[in-house]
Student: 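Input: one structure, supplied below.
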There are 2 protein chains.
Amino acid sequence: MRSDCPLNYGLEIFGDKWSLLIIRDLMFFGKRYYNEFLTSAEGIATNLLADRLVMLEKEKIIKKEKDSQHKQKIVYTLTEKGIDLLPVIFCIGLWSEKYADIKLNPGRDIILGEAKKSLPKGVEKVRKKLIAEHGKPKGNRQ
Amino acid sequence: MRSDCPLNYGLEIFGDKWSLLIIRDLMFFGKRYYNEFLTSAEGIATNLLADRLVMLEKEKIIKKEKDSQHKQKIVYTLTEKGIDLLPVIFCIGLWSEKYADIKLNPGRDIILGEAKKSLPKGVEKVRKKLIAEHGKPKGNRQ
DNA sequence: ATTGACCGCTTGCAAAATACAAGCGGTGCA
DNA sequence: TGCACCGCTTGTATTTTGCAAGCGGTCAAT
């Protein structure tokens, strides 16, 4: 650790270009499998993905289990610690919406709408949904 | 740009281990000069600091001016775009406070107390203070 | 039982970013 | 005229990233 600053603690974990994107994929895009993360628009390299998944599990932000239905697959889900990064992702999203010259597609629009409503109170709502969603394997979801 | 995701826009700018620490120093610790940033606990290297300051200015998150009083000095201050990163820093701070095993010194305690009160409404208060503070050079402040 | 198509990764290598130390040109003051 | 201090720059070693290829294991079909 470089210092005892709380901000610094967070940055030492997810202060890079990829970690929060993986968490985003888990939070909003329903991705659960290794090869699903690989298909994201930003195009993470497979060795970096492997590296980050190990790190995020070590930091207890995600957990890793065997898929009960497709036995050769491995399911990645968020822990509560990971789900609690929701406000961070919302904040960055809202900031970018304000300053980036980006056309939002409908899906992103919905997410940012949620962000606006939910900082901070409504975070609880999405948070509960995520806890429910991440408690069970992908196959059982609607 | 790797994608049109708002989160990704933010990460491409400040998704590293140093940028937000510089912004933190500007926001909360009253630092304005190159050599002040160098003295922070995390110990950024001088070439990295120079690199980040150029980048942050290019992204219009900070601005760079000559100090009117000490003419050999250069004053760095936050733009509105930079000040608007306040919620991001607050969110990361609160998350870390919850999950990191860190003893908070009194100063940090005050900042996080502010964060708790101000997400999202009270952000406006601190934001205005920062705008006022960053409008004038360091020498004129109390 | 064998084949072949996935699955989550690993490996090798080049390029870029980071970390560390030293020093440089310009300004201001004695 | 010297000297200290200012914001950087430079050089070099190390680490991280980016990219491509491939590997061992599982599963389903033949």
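Every chain is numbered from 1, with letters handed out A, B, ... down the list of sequences.
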Student: NA contact type, B/Lys66, heavy-atom cut-off 4.0 Å: base, sugar-phosphate, or nothing?
Tutor: nothing

Student: Can you check the A/Glu42 CD to D/dC19 P distance for me, whole Å?
Tutor: 13 Å

Student: Can you name the side chain to side chain donor-acceptor pair (under 3.5 Å) partners of A/Glu12, sequence neighbours left out?
Tutor: A/Arg2, A/Asn8

Student: Take atom CD of A/Glu65 and atom C1' of C/dG8, then tell me their distance rounded to the nearest Å.
Tutor: 16 Å

Student: If I take atom OH in residue B/Tyr34 and atom P in nucleotide D/dC5, what distance separates them, rounded to the nearest angstrom?
Tutor: 18 Å

Student: Encode nucleotides 24-30 of chain D as B, S and - characters from 5' to 3', where the letter depends on protein heavy atoms closer than 4.0 Å: B to the base, S only to sugar-phosphate, - to neither.
Tutor: -BBS---

Student: Please name all residues satisfying side chain to side chain contact (heavy atoms under 4.5 Å, CB included) with A/Lys81, sequence neighbours left out, ordered by chain then number.
Tutor: A/Tyr9, A/Glu59, A/Ile61, A/Thr79, B/Trp95, B/Tyr99

Student: Does A/Phe37 offer a backbone N or O that forms a donor-acceptor pair with the side chain of A/Lys31 under 3.5 Å?
Tutor: no

Student: For residues 82-97 of chain A, which residue pairs qualify under salt bridge (Lys or Arg N to Asp or Glu O under 4.0 Å), counting only residues two or more places apart or in two chains?
Tutor: A/Asp84-A/Arg127, A/Asp84-B/Lys98, A/Glu97-A/Lys116

Student: Using whole Å, what does the distance between atom P of nucleotide D/dT16 and atom CD of A/Glu12 come to?
Tutor: 13 Å

Student: In chain order, what residues pass the side chain to side chain contact (heavy atoms under 4.5 Å, CB included) check against B/Lys128, with sequence neighbours excluded?
Tutor: B/Glu124

Student: Mind checking what makes side chain to side chain contact (heavy atoms under 4.5 Å, CB included) contact with A/Lys66, not counting sequence neighbours?
Tutor: none

Student: Please enumerate all residues that pass salt bridge (charged side-chain N to carboxylate O under 4.0 Å, His left out) together with A/Asp109, with sequence neighbours excluded.
Tutor: none

Student: Under the rule for side chain to side chain contact (heavy atoms under 4.5 Å, CB included), what residues qualify as partners of A/Ile111, not counting sequence neighbours?
Tutor: A/Phe28, A/Phe29, A/Phe90

Student: Rounded to the Å, how far apart are B/Ile44 CD1 and C/dC20 C1'?
Tutor: 13 Å

Student: Ignoring hydrogens and angles, tell me if any N or O in the side chain of A/His134 forms a donor-acceptor pair with the backbone of A/Thr77 under 3.5 Å.
Tutor: no

Student: Could you identify which residues of residues 46-55 of chain A place a heavy atom less than 4.0 Å from some atom of DNA chain D, listed by residue number, or say none?
Tutor: A/Thr46, A/Asn47, A/Leu48, A/Arg52

Student: Want to settle it: does A/Asn35 or B/Trp18 sit nearer the 5' end of DNA chain C, counting the closest nucleotide to each?
Tutor: A/Asn35

Student: Just the rounded figure in Å: distance from P of C/dA22 to CG of B/Leu38.
Tutor: 16 Å

Student: In whole Å, what is the span from the CD atom of A/Glu36 to the P atom of C/dC7?
Tutor: 9 Å

Student: Find the distance B/Ile74:CD1 to D/dC5:P and express it as a whole number of Å.
Tutor: 18 Å

